[in-house]
**Q** 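I'd like to ask you about the structure that follows.
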Amino acid sequence: MSEDLLRALPRARRYARALVGSQEAGDALVREALLALRLAPLEEGGTAALLALYRAVSARVPESPPLPGGGLTPLERQVLLLTSLEGLSPEAAAAVLGRDAEEVAAIAAAARERLREGAQAEVLIVEDEPIIAMDLGQLVAACGHRVAGIVATQSEAVALARSLNPTLILADINLGKGGDGKAAVAEILREMSVPVIFVTAYPERLLTGEALEPAFVVTKPFDPMTLAIATYQAATGGLSLG
């Protein structure tokens with residue numbers, strides 16, 4: 001495997017996992033994409049390798065109808081994730097998806113308008129910085145979800161999750177003196193099944209190949225639309241691979 005592909009792997013894994021809503025299924029997509037790329041020559045340069053990996057992952061997601069209630073189509077999800085979560089330009093996303101750049105920009109704009117029509121979630125926010133926690137709460141509400149609770153420590157997160165049974169968790173991994181958000185999530189997931197979005201300034205700590213790796217990682221500082229897309233994907237369970 002080329003060094004460019006190795007450097008592109010963490011971002012491709014993040015994209016695939018967010019796309020299908022699962023660590024296991026997302027990583028399987030990336031493995032299939034890597035096998036396909038072994039048979040095709042790559043252009044020189046890290047960006048070219050990254051786009052080729054995105055393209056190979058996207059090509060393995062089957063077309064299917066949108067979810068009921070105004071849900072996004074697979075193409076709309078891919079466009080939003082590529083342009084917002086992964087930060088690609090419409091031109092780069094178009095190259096990945098084999099579409100025209102103007103078409104991709106139009107798809108992204110229309111899909112953003114429909115995000116609020118997606119599934120609503122009861123969200124537990126785990127964040128030790130009061131201002132960031134308040135911002136997250138406002139963004140969660142703006143996305144059409146309800147804030148079930150906000151906590152700042154590992155022990156509070158576990159206790160409140162047990163009492164509230166949230167349908168989505170937003171968690172920082174560094175809670176300062178309050179403990180470790182990743183450890184809190186691990187303990188919660190031993191007792192219940194709930195999608196988790198890690199919002200962190202240290203995404204490299206979450207894509208290490210260890211057992212607990214999230215399907216959704218949003219890097220601080222984040223764009224509000226990026227968080228909106230991540231919460232939509234998490235609440236609706238990503239795409240089905242059949």
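No hydrogens, no waters, no symmetry mates; every other heavy atom, side chains included, goes into these values. Note that the numbering runs from 1 along the sequence shown for the chain.
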**Q** Under the side-chain contact (heavy atoms from CB on, under 4.5 Å) test against V126, which residue among L175, T153, V158 passes?
**A** L175
**Q** Could you give the distance from CD1 (I107) to CD (E103), rounded to the nearest 0.5 Å?
**A** 4.5 Å
**Q** Are side-chain heavy atoms of D4 and L6 found at a separation under 4.5 Å?
**A** no
**Q** Checking side chain to side chain contact (heavy atoms under 4.5 Å, CB included) for the pair I197/V218: CA distance, chi angles, key distance, verdict?
**A** CA-CA 7 Å; I197 301 173; V218 174; 3.9 Å; yes
**Q** Ignoring hydrogens, what is the shortest heavy-atom contact between P90 and V104? Give both atom names and the distance.
**A** O-CG1, 3.9 Å
**Q** To the closest 0.5 Å, what do you measure between CG (D135) and CD (E127)?
**A** 9.5 Å
**Q** V123 and M134: same hydrophobic cluster, using ILVMFWY side-chain contacts below 4.5 Å?
**A** no
**Q** What's the spacing between R11 CZ and L9 CG if we round to 0.5 Å?
**A** 12.5 Å
**Q** Can you give me the closest heavy-atom contact between L80 and A111, atom names plus distance?
**A** CD1-CB, 3.5 Å
**Q** What heavy-atom pair brings A108 and T83 nearest, and what distance separates the two atoms?
**A** CB-OG1, 4.5 Å
**Q** Kindly indicate, with the supporting measurements, whether the criterion side chain to side chain contact (heavy atoms under 4.5 Å, CB included) is fulfilled by D27 and R17.
**A** CA-CA 7 Å; D27 285 351; R17 291 174 180 195; 2.6 Å; yes
**Q** Ignoring hydrogens, what is the shortest heavy-atom contact between L82 and A93? Give both atom names and the distance.
**A** CB-CB, 4.2 Å
**Q** Got a salt bridge between R162 and E187, using NZ or NE/NH1/NH2 to carboxylate O under 4.0 Å?
**A** yes
**Q** As an exercise, state the distance from CZ of R60 to CG of L29, rounded to the nearest 0.5 Å.
**A** 8.5 Å
**Q** Any donor and acceptor pair, going by atom type alone, linking the side chain of R55 with main-chain N or O of L97 inside 3.5 Å?
**A** no
**Q** First locate atom CZ of F198, then atom CD1 of I169, and finally report the distance between them rounded to the nearest 0.5 Å.
**A** 8.5 Å
**Q** Give me the atom names and distance for the closest heavy-atom approach of D180 to Q154.
**A** N-OE1, 3.0 Å
**Q** Measure from the side-chain N and O atoms of E129 to the backbone N and O of I131, and report whether any donor-acceptor pair falls under 3.5 Å.
**A** no
**Q** Between Q78 (side chain only) and P74 (backbone N and O only), is there a donor and an acceptor less than 3.5 Å apart?
**A** yes
**Q** Does S163 use its side chain to pair, donor to acceptor, with the backbone of L160 at less than 3.5 Å?
**A** yes
**Q** Do the side chain of H145 and the main chain of V140 share a donor and acceptor less than 3.5 angstrom apart?
**A** no
**Q** What pair of heavy atoms forms the shortest contact from A184 to A157, and how long is it?
**A** CB-CB, 4.1 Å
**Q** Can you establish whether the number of heavy atoms outside Q138 located under 6.0 Å from its atom CD is more than 12?
**A** yes
**Q** Working note: E32 + L35, criterion side chain to side chain contact (heavy atoms under 4.5 Å, CB included); need CA distance, chi angles, decisive distance, verdict.
**A** CA-CA 5 Å; E32 292 175 14; L35 288 173; 5.6 Å; no
**Q** Between OG1 of T47 and CG of L88, what distance do you get to the nearest 0.5 Å?
**A** 9.5 Å
**Q** Before you tell me yes or no, could you show the steps for T200 and T219 under side chain to side chain contact (heavy atoms under 4.5 Å, CB included), namely the whole-Å CA-CA distance, both residues' side-chain angles and the distance that decides it to 0.1 Å?
**A** CA-CA 5 Å; T200 177; T219 304; 5.9 Å; no
**Q** Would you indicate whether E24, at its atom CD, is surrounded by more than 12 heavy atoms from other residues, nucleotides or ligands within a distance under 6.0 Å?
**A** no
**Q** Is there a side-chain contact between D172 and V199 in this structure, where contact means two heavy atoms from C-beta onward sitting under 4.5 Å apart?
**A** no
**Q** Is it true that T167 and R146 share a donor-acceptor pair across their side chains at a distance under 3.5 Å?
**A** no
